[in-house]
Every structure is written in structure tokens, then in C-alpha cells.
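See below for the structure under consideration.
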Amino acid sequence: ILQLAMNYSPQELQFYLLDYKEGTEFSLYKDFPYVNILSMEGEVEFGLEVLDRAISIMQERGELFKKQGVANLNGYNSKVSSSDILPRIIFIIDEFQALLPKNQRISSKTNEKIDKILRLGRSFGINLLLATQTLQGIDLDQSILSNMPLRIALRMNEKDAVKIFQEGNTAP
């Protein structure tokens, strides 16, 4: 977060931060000018609303991109005046597995929203960073992992490694 802030202005970059550790990780960003939404509560419903917000931003930007005849954020920003430039938005969800509870209906909704953002978001300047310490007990669709071009994993058990890197991959 800080490295990106050193290289981009708040007009070029915005963060939406969801912290499911009851505010322990993101509380220091409370007054940070780059932060659009900061949630330090553990509300699953609010997390789903934030994912819906990401999807609606993608839809709004899609209309703007069509009007300019461009396919991505860089193309759009190169065609508009400096006052109309859109920022890249990074949604960071710490302990994202909280959005995937045992409740199949909520878990299914979450998977659907995350999948849509990962498939379409990058061209609209919407990026998603999901962080967790374990994948145990998480019902995460395989399509979500396949739409994550970059996955970083530190030491983990073999089951989590297979989920992250897929069967047959020798990297774990």
C-alpha cells in the first residue's frame, strides 16, 4: 500500500480496504487520503456490498469506455482531460475467507462476485488483492484461482498448496 502511494497520487490510485481481523491490519490507514472505503468490522453483508460496488464501478466505467471507444483504463485516461482521469482502484480484503462462510448461499454469492471482478476488473482499472493465512474450510471456486494471474504463498500445508497452485504443479 505504501509503495504504491509513493509512486501514485490519490487521484491516480484509490484503495478499498476490508479487514476481517477486527481492524488490526488496516487501522493505521484511517486518515490516509488514498482510502475510499475502510472497513474494520467483520460484517459479511458489508463485504458483499463492497464487492457489489466494485461491479457497479466496472459497469459505469464500461459505459465511459464505450463512449471513448477504448478497451481499458490506460486507453481511457489517455483520451480524456486531466480532470476526468479515473483512478485505478485496488480492493484489498484481509482474511477474505470470512466472506466464504459455511452458508452455501452466501458463499456462492461471494464466489460469483469475486469471479466477475477477477475476470473483468483489470481492464476497468479494478484490482482485487485477497489475503488469508489459511484456505482450510474455504469453498473457493477453482475458476477464481485460475483468474488470479499472480498468486503468492508462503509456507503452507500440502492441501492449501494444491488449492493455490493446482494439481500437478511442482511449484508447491
Side-chain angles (χ1 to χ4, degrees), residues 1 3-5 7-8 10-21 23 25-26 29 32 34-68 70-77 80 85-135 137-153 160 163-166:
I1 293 171
Q3 183 65 40
L4 288 167
N7 292 304
Y8 300 96
Q11 292 73 33
E12 297 171 294
L13 178 68
Q14 288 288 298
F15 292 105
Y16 286 62
L17 306 174
L18 297 178
D19 188 348
Y20 284 95
K21 283 187 185 174
E25 295 299 323
F26 294 144
Y29 298 109
F32 200 48
Y34 291 81
V35 175
N36 197 312
I37 288 181
L38 172 61
S39 173
M40 296 182 288
E41 304 296 324
E43 299 291 327
V44 171
E45 294 80 14
F46 183 73
L48 292 175
E49 287 176 23
V50 170
L51 293 175
D52 283 336
R53 177 70 184 130
I55 292 168
S56 71
I57 291 170
M58 288 175 7
Q59 292 166 340
E60 291 165 11
R61 288 182 173 194
E63 292 301 315
L64 293 172
F65 291 9
K66 280 181 199 172
K67 288 178 185 173
Q68 292 294 330
V70 297
N72 58 43
L73 181 66
N74 291 338
Y76 177 82
N77 284 342
V80 298
I85 287 179
L86 297 173
R88 181 163 302 281
I89 301 173
I90 302 176
F91 287 79
I92 302 176
I93 306 173
D94 192 22
E95 298 303 338
F96 78 94
Q97 76 276 11
L99 294 174
L100 296 160
K102 297 277 187 233
N103 179 323
Q104 186 61 38
R105 188 179 64 79
I106 293 173
S107 184
S108 178
K109 277 185 178 180
T110 302
N111 273 300
E112 184 180 305
K113 292 173 193 300
I114 289 174
D115 183 55
K116 185 171 189 170
I117 295 165
L118 290 172
R119 277 186 297 107
L120 305 172
R122 286 185 301 272
S123 63
F124 294 111
I126 307 290
N127 297 91
L128 190 58
L129 195 151
L130 304 174
T132 187
Q133 292 184 27
T134 182
L135 292 173
I138 296 176
D139 183 22
L140 191 62
D141 288 348
Q142 192 60 42
S143 64
I144 288 175
L145 289 174
S146 66
N147 279 309
M148 289 182 163
L150 177 61
R151 293 173 244 161
I152 300 172
D160 284 351
K163 281 183 185 176
I164 292 280
F165 297 108
Q166 301 170 351

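All values reported here derive from a predicted model rather than from experimental measurement.
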Completion exercise
Minimal heavy-atom distance between Ala54 and Ile126, with the atoms involved, is CB-CG2, 4.3 Å
Fill in the blank from the handout: Those residues at least two apart in sequence (or on a different chain) that pass side chain to side chain contact (heavy atoms under 4.5 Å, CB included) with Leu64 are Tyr76, Leu86
Completion exercise
Rounded to the nearest 0.5 angstrom, the CG-CG distance for Leu38 and Asp19 is 7.5 Å
Practice task
Please confirm whether the backbone N or O of Glu95 pairs with a side-chain atom of Thr132, one donor and one acceptor, at under 3.5 Å?
Solution key: no
Problem - Contacts of Lys109 that satisfy salt bridge (charged side-chain N to carboxylate O under 4.0 Å, His left out) - sequence neighbours left out - result: none
Problem - ring pair (Phe, Tyr, Trp, His ring centres under 6.0 Å) involving Phe46 - partner list, sequence neighbours excluded - result: none
Handout entry: Sequence-distant partners of Glu60, salt bridge (charged side-chain N to carboxylate O under 4.0 Å, His left out), two or more places apart
Key = Arg53
Practice task
For Glu63, enumerate each residue passing the salt bridge (charged side-chain N to carboxylate O under 4.0 Å, His left out) test, keeping only those at least two apart in sequence or located in another chain.
Solution key: Lys66
Practice task
Report the residues that fulfil side chain to side chain contact (heavy atoms under 4.5 Å, CB included) with Asn72, sequence neighbours left out, ordered by chain and then residue number.
Solution key: Asn74, Ser123
Handout entry: Spacing of CD1 belonging to Ile90 relative to CD1 belonging to Ile92, to within rounding of 0.5 Å
Key = 6.0 Å
Exercise for the section: Please assess Glu49 against Glu43 for the test side chain to side chain contact (heavy atoms under 4.5 Å, CB included), listing each intermediate value before the final yes or no. Expected result: CA-CA 10 Å; Glu49 287 176 23; Glu43 299 291 327; over 6 Å; no
Handout entry: Residues which pass side-chain hydrogen bond (donor to acceptor under 3.5 Å, both in side chains) with Tyr29, listed by chain and number, not counting sequence neighbours
Key = none
Handout entry: Lys113 side chain reached by Leu118 side chain, heavy atoms, under 4.5 Å
Key = no
Practice task
Hey, could you give me the CD/OG distance between Glu112 and Ser107, rounded to the nearest 0.5 Å?
Solution key: 11.5 Å
Handout entry: For Gln14, side-chain hydrogen bond (donor to acceptor under 3.5 Å, both in side chains) partners two or more places apart
Key = none
Problem - ring pair (Phe, Tyr, Trp, His ring centres under 6.0 Å): pairs with one or both residues in residues 107-127, sequence neighbours excluded - result: Phe65-Phe124
Exercise for the section: State whether the side chain of Asp115 and the backbone N or O of Asn111 hold a donor-acceptor pair below 3.5 Å, judged by distance alone. Expected result: no
Exercise for the section: I would like to know whether Ile93 and Leu99 meet side chain to side chain contact (heavy atoms under 4.5 Å, CB included); could you show each step before the answer? Expected result: CA-CA 9 Å; Ile93 306 173; Leu99 294 174; 4.0 Å; yes
Practice task
Carefully, step by step, assess Ile106 and Leu48 under the rule side chain to side chain contact (heavy atoms under 4.5 Å, CB included).
Solution key: CA-CA 9 Å; Ile106 293 173; Leu48 292 175; 4.1 Å; yes
Problem - Residue pair Ser39 / Leu18: nearest heavy atoms and the distance that separates them - result: CB-CD2, 3.4 Å
Exercise for the section: Check whether any side-chain heavy atom of Asn77 lies under 4.5 Å from a side-chain heavy atom of Leu73, and answer yes or no. Expected result: yes
Exercise for the section: For side chain to side chain contact (heavy atoms under 4.5 Å, CB included), just list the numbers for Ile57 and Tyr16, CA-CA rounded to whole Å, side-chain angles, deciding distance to a tenth of an Å, and then say yes or no. Expected result: CA-CA 12 Å; Ile57 291 170; Tyr16 286 62; 3.7 Å; yes
Practice task
Could you tell me which residues satisfy side chain to side chain contact (heavy atoms under 4.5 Å, CB included) with Gln3, sequence neighbours excluded, listed by chain and number?
Solution key: Met6, Asn7
Handout entry: Results of side chain to side chain contact (heavy atoms under 4.5 Å, CB included) for Ala98 - residues two or more places apart only
Key = Tyr20
Handout entry: Nearest-0.5 Å distance, CG of residue Leu4 to OH of residue Tyr34
Key = 9.0 Å
Exercise for the section: Can you sort out the partners of Arg88 under side-chain hydrogen bond (donor to acceptor under 3.5 Å, both in side chains), two or more places apart, ordered by chain and number? Expected result: Asn127
Exercise for the section: Could you tell me which non-hydrogen atom of Leu13 sits nearest to which non-hydrogen atom of Ala5, and how far apart they are? Expected result: CD2-N, 4.4 Å
Practice task
To the nearest 0.5 angstrom, please state how far the CZ atom of Arg122 sits from the CG atom of Leu128.
Solution key: 10.0 Å
Exercise for the section: State the CZ-CZ distance between Phe15 and Phe26, to the nearest 0.5 angstrom. Expected result: 9.5 Å
